[in-house]
Amino acid sequence: MNIVCIGGGPSGLYFGLLMKLQNPQNEVFVIERNRPYDTFGWGVVFSDATMENLREADPVSAQTIGDAFNHWDDIECHFKGSAVRSSGHGFIGIGRKKLLNILQARCEEVGVNLVFETVVTDEAELARKYNADILIASDGINSAIRTRHEDVFQPDIDTRNCRFVWLGTEKVFDAFNFIFVETEHGWFQAHAYRFQDGLSTFIVETPEETWQKAGIGEMSQEEAIAYCENLFADHLDGNKLISNATHLRGSAIWIRFPRVICNKWVNWQDYGTGKQVPVVLMGDAAHTAHFSIGSGTKLALEDAITLAKHMDHESMEEALKDYEAARSIDVLRIQNAARNSTEWFENVARYANMKPEQFTYSMLTRSQRISHENMRMRDAAWLEKYERWMATEAGLQLADGEKAPSPMFTPFKLRDMQLKNRVVFSPTLIYSAKDGVPGATHQVHYGSRAMGGAGLVMAEMTAVTPEGRVTPGCTGLWNDEQANAWKPVVAFAHEQGAKIGVQLGHAGRRGSTQLGWEKANKPLAEGNWPLVSASALPYQAGVTAVPAEITRAQMDEIRDAFVAAAKRADQAGFDCIELQAAHGYLLSSFISPLTNQRSDEFGGSLENRMAYPLEVFAAIRAVWPESKPIMVRISATDWAEGGNTADDGVEIARLFKQAGADLIDVSSGEVVLEQQPIYGRMYQTPFSDRIRNEAGIATMAVGSIMEADHANSIIAAGRADLCALSRGFLAEANWPQRQAADLGYTDLAWPVQYEWGKDWLQRQTKRAPVAQDGPAKS
């Protein structure tokens with residue numbers, strides 16, 4: 001084959017090398033615009049795992065790279081005058097120039113043709129010149145080839161909010177250092193690490209707004225570097241910061257990181273050579289991942305490895321399909337982690353009120369690739385020390401040598417409600433009440449979760465009026481019979497050492513539907529009741545009834561019904577109440593602009609849309625005992641164009657906090673059917689993180705939290721104060737106790753010896769026979 005790589009970065013060089021090794025008869029040309037053995041940039045970082053991939057692909061160059069790299073395990077975080085160090089992270093640092101020089105020399109050794117000082121303005125001419133069978137567009141983050149064929153590649157380029165500059169210094173750091181400095185203009189941070197003897201990379205980063213306020217855009221290159229030297233003087237020990245981009249003028253060395261995602265990576269072209277030639281994106285031309293997770297070089301090299309492996313297919317077309325399919329998944333995984341990491345560094349001010357210990361934990365786990373137990377594998381001593389710190393912060397007094405509980409098993413207090421742990425059974429509709437009255441099913445359902453170790457059990461959304469139910473099977477608190485029926489449920493939960501709360505709500509336009517196991521969200525076959533909502537908009541056009549736009553008189557009646565229900569909840573003995581203001585129900589229908597099209601004082605701006613929900617909250621707070629907390633569930637985003645965004649979610653939480661809310665239960669969506677949520681593990685936790693640390697109110701995270709590792713990571717990082725599970729608890733009522741047993745924490749009240757029955761159902765399912773015509777049903 002005739003192979004042409006346009007761009008002599010890591011991906012182009014490494015692919016050329018591997019293809020020449022794969023078949024010495026391949027003619028490989030790498031076209032590079034710079035001079036021989038010339039490049040820009042300082043050190044690059046990748047992990048031990050990437051080195052293993054290089055050793056498998058080409059042991060010779062891997063050995064040379066291995067001899068040249070600097071390896072370290074430690075990360076040190078400098079924040080508010082403290083330095084917190086953890087170990088076990090396994091990084092490799094090597095000079096970018098050194099890496100490319102090694103690959104260039106290896107390419108020349110095996111016969112790859114390196115063509116320097118050649119700027120490619122027309123890849124068609126290049127394809128004809130070398131009679132190319134394949135063109136590799138490895139021409140970097142600003143790929144001209146990607147731009148010329150953007151109609152096919154469909155790049156999505158998101159320019160991020162921070163400015164950064166890539167500098168060097170002769171100060172040698174013995175760990176990967178993250179250094180945070182606050183100025184009158186905002187926060188600056190440095191990413192610093194040794195990459196060769198006597199030299200370290202020193203990347204300075206700050207949000208665009210801070211960069212502008214500091215006046216760096218008006219400074220010369222020398223002035224801006226001097227500014228950074230002064231900013232980080234305490235960490236440079238008198239050493240200078242050095243730029244190797246002196247060919248750029250002024251602030252041009254400061255750039256905003258472009259996150260690149262391409263929908264397609266392959267474009268077949270007819271260059272007049274009598275054959276179709278594929279143009280294949282590789283490295284930064286195809287994708288980028290923020291430098292804060294050190295994956296740009298890793299991705300580029302692994303692109304090359306993957307494509308080279310697939311090139312042994314008989315069909316070039318199939319090889320390229322497999323390459324695109326395999327790499328797009330791996331890259332997306334890295335980019336998701338990089339997005340989380342990028343956003344963390346863009347919002348350092350969000351975490352500025354944290355103490356150095358928690359700030360460091362938050363920083364280390366920012367990408368969500370590193371979990372609580374993964375931290376234990378890396379540095380058990382550090383994590384145990386951190387767990388003791390968390391337990392002490394939560395008010396526990398531990399004896400010397402006493403094992404600290406995992407974060408989710410630390411106590412938590414809201415007003416006078418003291419929870420034994422931070423695991424919550426989330427309010428979940430079970431459609432089992434008769435005329436709103438809870439019965440034996442509710443006693444067992446909630447009681448078993450209390451026995452199973454939940455710190456707080458939340459009863460399902462309980463209607464404040466008969467017309468406020470979602471279904472005929474929903475519970476209520478609109479009469480004393482219902483309140484009396486709740487008393488034994490509450491009392492039993494208390495006997496198990498759990499606290500129990502109730503979610504008060506009104507279904508609004510989502511009411512009068514069939515039970516969840518029938519046709520969910522569909523109207524009753526008969527006996528439907530009239531619906532009201534902020535505006536006369538049906539939940540599902542042509543299917544559900546059109547609600548009446550609620551009148552002021554009806555608003556007063558329903559507000560008073562909430563007040564009466566709150567009084568009954570107190571009579572029943574509930575420890576807290578949660579106001580349901582999410583998911584498109586009545587109060588939520590006021591909050592979202594998608595469901596509130598009113599022209600009166602309750603429509604328009606967010607402040608106007610919040611007026612009625614805040615009125616209801618204030619009325620409840622006025623009658624609810626001062627010693628007991630009130631929580632509010634919100635949809636932090638509508639996941640729909642024109643709806644509330646995450647920014648709005650923070651403001652909604654602030655307004656409820658100002659009204660006296662003690663905690664925000666942070667959910668999202670379900671406001672409109674045309675929502676487009678982005679699901680994944682802990683997918684709603686970032687909203688909780690923002691609300692907790694920007695609005696300054698306690699939060700409860702909910703949504704695809706399935707493992708103790710999830711809950712521990714969320715709480716330890718300060719992304720939420722409580723973690724609520726629904727599906728996990730529905731599958732296993734003893735979920736907290738099993739997690740405690742697995743983690744070696746036995747300070748829970750054990751009503752039964754549990755360990756023998758662990759995972760029984762899963763074991764039985766695995767033993768189920770497989771039928772001849774398909775999998776067994778279970």
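Values reported hereafter were calculated over all heavy atoms of this structure, with side chains retained and with hydrogens, waters and symmetry mates removed.
By the 4.0 Å N-to-carboxylate-O rule, Arg415 lies close enough to Glu626 to be salt-bridged with it. The pair Asp480-Arg568 meets the salt-bridge criterion, since a charged nitrogen lies less than 4.0 angstrom from a carboxylate oxygen.
With contacts defined as side-chain heavy-atom distances shorter than 4.5 Å, the pair Ile550/Arg598 qualifies. With a 4.5 Å cut-off on side-chain heavy atoms, Tyr539 and Ser533 do not count as touching. Contact annotation: the side chain of Ser588 never approaches that of Thr595 to less than 4.5 Å [non-hydrogen atoms, C-beta and beyond]. The shortest distance between side-chain heavy atoms of Glu518 and Thr471 does not fall below 4.5 Å. Looking at Cys723 and His710, their side chains never come closer than 4.5 Å, going by heavy atoms from C-beta outward. Within the 4.5 Å cutoff, side-chain heavy atoms of Trp529 are placed close to those of Leu524. In this structure, the side chains of Tyr361 and Met354 stay at 4.5 Å or more apart for every pair of heavy atoms. Side-chain atoms of Glu393 and Gln358, non-hydrogen and from C-beta on, never get closer than 4.5 Å to each other.
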Open item on the list: Does Asp662 form a salt bridge (Lys or Arg N to Asp or Glu O under 4.0 Å) with Arg621? I'd like the steps, not just the answer.
Closed with: CA-CA 11 Å; Asp662 299 289; Arg621 184 69 270 181; 3.5 Å; yes
- [ ] Tell me, with the steps shown, if Asp556 and Arg559 meet salt bridge (Lys or Arg N to Asp or Glu O under 4.0 Å).
- [x] CA-CA 5 Å; Asp556 291 345; Arg559 178 202 61 212; 3.3 Å; yes
Open item on the list: Could you walk me through whether Ser704 and Met682 satisfy the side-chain contact (heavy atoms from CB on, under 4.5 Å) test, starting with their C-alpha distance in whole Å, then the side-chain angles of each, then the deciding distance to 0.1 Å, before giving a yes or no?
Closed with: CA-CA 5 Å; Ser704 292; Met682 303 177 285; 5.9 Å; no
TODO: Give the intermediate values and the outcome of ring-ring contact (aromatic ring centres under 6.0 Å, His included) for residues His442 and Phe492.
DONE: CA-CA 11 Å; His442 299 85; Phe492 187 82; over 10 Å; no
- [ ] Report the C-alpha distance between Glu615 and Arg552 in whole Å, list the side-chain angles of each, state the deciding distance to 0.1 Å, and finish with yes or no for salt bridge (Lys or Arg N to Asp or Glu O under 4.0 Å).
- [x] CA-CA 12 Å; Glu615 178 183 325; Arg552 177 68 255 192; 2.7 Å; yes
Task: Gln368 and Asn336: CA distance, side-chain angles, deciding distance, side-chain contact (heavy atoms from CB on, under 4.5 Å) verdict - done: CA-CA 9 Å; Gln368 295 188 22; Asn336 285 340; over 6 Å; no
- [ ] Begin with the C-alpha distance, continue with both residues' side-chain angles, and end with the deciding distance and a verdict on side-chain contact (heavy atoms from CB on, under 4.5 Å) for Ile500 and Leu456.
- [x] CA-CA 5 Å; Ile500 182 168; Leu456 174 64; 5.5 Å; no
Open item on the list: For Ser426 and Phe729: C-alpha separation, side-chain torsions, deciding distance, then whether side-chain contact (heavy atoms from CB on, under 4.5 Å) applies.
Closed with: CA-CA 9 Å; Ser426 190; Phe729 263 118; over 6 Å; no
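Atom OG of Ser589 is separated from atom OH of Tyr612 by 9.5 Å, given to the nearest 0.5 angstrom. Here the CZ atom belonging to Arg681 is positioned 12.0 Å from the CD1 atom belonging to Ile705, to the nearest 0.5 angstrom. Distance check, rounded to the nearest 0.5 Å: OG of Ser362 to CG of Asp689 gives 6.5 Å. If you take CZ on Arg510 and CG on Asn521, they are separated by 5.0 Å, rounding to the nearest 0.5 Å. Remark: Ile697 CD1 to Ser688 OG distance equals 11.0 Å, nearest 0.5 Å. Here the straight-line distance linking atom CD1 of Ile714 with atom CZ of Arg422 works out to 12.5 Å at 0.5 Å rounding.
Looking at every heavy atom in both residues, Ala566 comes nearest to Trp624 through O-CZ3, 3.3 Å. Here the closest non-hydrogen pair linking Gly473 and Leu515 is N-CD2, 3.7 Å. Across all their heavy atoms, Glu670 and Gln675 have their closest contact at N-OE1, 2.7 Å. Residues Met390 and Ala716 share a closest heavy-atom pair of SD-CA, 3.4 Å. Here the closest non-hydrogen pair linking Val502 and Ala569 is CG1-CB, 3.9 Å. Shown here for Asn421 and Gly455, the closest heavy-atom pair between the two residues is OD1-N, 2.9 Å.
Side-chain atoms of Lys657 come within 3.5 Å of backbone atoms of Gly696 as a donor-acceptor pair (strictly under, hydrogens ignored). Of the possible polar contacts, none joining the Glu641 side chain to the Gly643 backbone as a donor-acceptor pair under 3.5 Å is found. Asp648 contributes a side-chain N or O that, together with a main-chain N or O of Thr645, makes up a donor-acceptor pair within less than 3.5 Å. No donor-acceptor pair closer than 3.5 Å links the side chain of Glu578 to the backbone N or O of Leu663. Looking at Glu694, its side chain never comes within 3.5 Å of a backbone N or O of Arg350 through a donor-acceptor pair. A donor-acceptor pair is defined here as one N or O able to donate and one able to accept, closer than 3.5 Å; such a pair exists between the side chain of Ser592 and the backbone of Leu594. Judged purely by atom type and a 3.5 angstrom limit, Gln496 has no side-chain atom pairing as donor or acceptor with the backbone of Ala493. Counting only distance, with no hydrogens or angles, the side chain of Asn340 and the backbone of Arg366 share no donor-acceptor pair below 3.5 Å. The closest donor-acceptor contact from the side chain of Asp638 to the backbone of Ala640 lies at 3.5 Å or more, if one exists at all. Judged purely by atom type and a 3.5 angstrom limit, Lys499 has no side-chain atom pairing as donor or acceptor with the backbone of Met417.
Taking the six-membered ring where tryptophan is involved, the planes of Phe590 and Phe602 are perpendicular, since the angle between them exceeds 60° and thus also 30°. A perpendicular orientation is assigned to the rings of Phe425 and His445, their planes being inclined by more than 60° (bins at 30° and 60°). Note: Trp486 and Phe574 have perpendicular aromatic rings, judged against thresholds of 30 and 60 degrees for the angle between ring planes. In this structure, Trp517 and Tyr431 have perpendicular ring planes: the angle between them is above 60°, well past the 30° mark.
A side-chain N or O of Thr475 and one of Thr462 form a donor-acceptor pair less than 3.5 Å apart. Glu387 and His372 share a side-chain donor-acceptor pair at under 3.5 Å. In the model, Tyr446 has a side-chain atom that pairs as donor or acceptor with a side-chain atom of Glu460 under 3.5 Å. Counted by atom type alone, Ser713 and Thr365 present zero donor-acceptor pairs between their side chains at under 3.5 Å.
Leu722 pairs with exactly one of Thr699, Asp665, Leu419 by the side-chain contact (heavy atoms from CB on, under 4.5 Å) rule, that one being Leu419.
By the 6.0 Å contact criterion, CD on Glu607 is enclosed, its count of non-hydrogen atoms from other residues, nucleotides or ligands being greater than 12. Within 6.0 Å of CD in Glu601 there are more than 12 heavy atoms belonging to other residues, nucleotides or ligands.
A cation-pi arrangement is not found for Arg469 relative to Trp478, the charged atom failing to lie both closer than 6.0 Å to the ring centre and inside a 45° cone about the ring normal.
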